[in-house]
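Quick notes on the structure that follows.
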Protein chains: 2
Amino acid sequence: MKNRLKVERAEQNLSQADLADRIGVSRQTINSIETGRYVPSTILSLKLAQVFGKPVEHIFTLEETD
Amino acid sequence: MKNRLKVERAEQNLSQADLADRIGVSRQTINSIETGRYVPSTILSLKLAQVFGKPVEHIFTLEETD
DNA sequence: TAAAAATGTAAAATATGCTTGACATAATGA
DNA sequence: TCATTATGTCAAGCATATTTTACATTTTTA
C-alpha cells in the first residue's frame with residue numbers, strides 16, 4: 001500500500017510530531033506508516049484522512065501486492 | 001467505529017463467506033469486523049470499499065470513543 | 001557555524017489483527 | 001420436517017501494529 005502522508009504534511013506544513021499529536025499516536029507510528037514499515041488500522045487512516053480533509057483513498061492506495 | 005457492512009452485503013446479496021472470498025480473508029474475519037469485535041487494517045477496509053464501490057468513509061465511520 | 005528541530009531506525013514489550021478448527025443456533029428452502 | 005446455508009462466537013496460535021526509550025543523522029534556522 002502506498003501513501004501520500006509526506007506530501008500532505010508538506011502541504012499543511014506539519015511535522016511528523018505535529019501530526020502524531022493531532023491524532024494521538026506516537027511520532028514513530030507516523031514515521032513507520034510513512035516509510036511503509038507497517039499498515040495502520042482503519043481508525044488511524046480515518047483520522048489521518050480527517051486531518052487532511054481528504055478521503056482515505058486519496059491518502060492510501062492499494063498496490064498489486066496487497 | 002461503526003460499519004455498514006451488513007447493509008452493503010444485503011444490497012449486493014452477499015453472504016459473509018462470499019465477501020470473505022472476494023477479498024481473501026476468512027469468514028470469521030468478516031464476521032468479527034461486522035460485529036465490531038475488531039478494527040480491520042487499512043488494506044482490508046480499502047478492499048471492502050473497493051468491493052462495494054464506495055469510499056471507505058461510507059462504510060466505516062469514526063465514533064467519539066475512537 | 002552552532003544550536004535546534006526534524007527525521008530515520010532499532011529493540012523490547014504489549015496489544016490487536018487474522019487464521020484455522022470447531023461448535024451452536026438461526027434462517028432458508030426442498 | 002429435514003437438510004442446507006448463514007451467522008455468531010470461542011480458543012489457540014502466529015503475525016503484525018503500536019508504544020516507549022534511545023540514539024544517529026539530516027535539515028533548518030538563528
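Hydrogens, waters and symmetry mates are skipped; everything else that's a heavy atom, side chains included, is used. Just so it is clear: chains get the letters A, B, ... in the order the sequence lines come, proteins before strands, and each one is counted from 1.
- For C:dG21, the base has a donor-acceptor partner in the side chain of B:Gln28 [N/O atoms by modelled type, under 3.5 angstrom].
- Under the rule for a side-chain hydrogen bond (donor to acceptor under 3.5 Å, both in side chains), B:Arg22 has no partner lying at least two apart in sequence or in another chain.
- Distances shorter than 4.0 Å separate none of the side-chain N or O atoms of B:Gln16 from OP1 or OP2 on D:dT5.
- Straight-line distance from the CD1 atom of A:Ile30 to the P atom of C:dT9: 16 Å, rounded to whole Å.
- By the salt bridge (Lys or Arg N to Asp or Glu O under 4.0 Å) test, B:Lys54 pairs with B:Glu8, B:Glu11, sequence neighbours left out.
- For A:Glu63, the side-chain contact (heavy atoms from CB on, under 4.5 Å) partners are A:Lys2, A:Thr65, A:Asp66, not counting sequence neighbours.
- The phosphate of D:dT7 (OP1 or OP2) has no side-chain N or O of B:Asn31 nearer than 4.0 angstrom.
- With sequence neighbours excluded, no residue satisfies side-chain hydrogen bond (donor to acceptor under 3.5 Å, both in side chains) with B:Thr61.
- Of all nucleotides listed (D:dT7, D:dA22, C:dC18), C:dC18 comes nearest to the side chain of B:Val25.
- Residue A:Met1 contributes atom CE, which lies 15 Å from atom P of C:dG17 at whole-angstrom precision.
- In this structure, A:Thr42 and A:Val56 have side chains that are not in contact, with every pair of non-hydrogen atoms separated by 4.5 Å or more.
- Straight-line distance from the CG atom of B:Asp66 to the P atom of D:dT18: 13 Å, rounded to whole Å.
- Judged by closest nucleotide on DNA chain C, B:Ile33 is the one of B:Arg27 and B:Ile33 placed further toward the 5' end.
- Atom CG of A:Leu19 and atom P of C:dT7 are 10 Å apart (whole Å).
- Within the structure, a side-chain polar atom (N or O) of A:Arg9 is placed less than 4.0 Å from OP1 or OP2 of C:dT7.
- To the nearest angstrom, C1' of C:dA26 lies 11 Å from NZ of B:Lys6.
- The side-chain contact (heavy atoms from CB on, under 4.5 Å) test applied to A:Gln12 returns A:Leu14, A:Phe52, not counting sequence neighbours.
- Residues A:Phe60 and A:Leu48 meet the side-chain proximity criterion, which asks for heavy atoms closer than 4.5 Å.
- Taking the side chain of A:Ser26 as heavy atoms from C-beta on, and the options C:dC18, D:dT20, C:dT7, the nearest nucleotide is D:dT20.
- For the segment residues 35-51 of chain B, the set of residues with a heavy atom within less than 4.0 Å of an atom of DNA chain C comprises B:Tyr38, B:Val39, B:Pro40, B:Ser41, B:Leu44, in numerical order.
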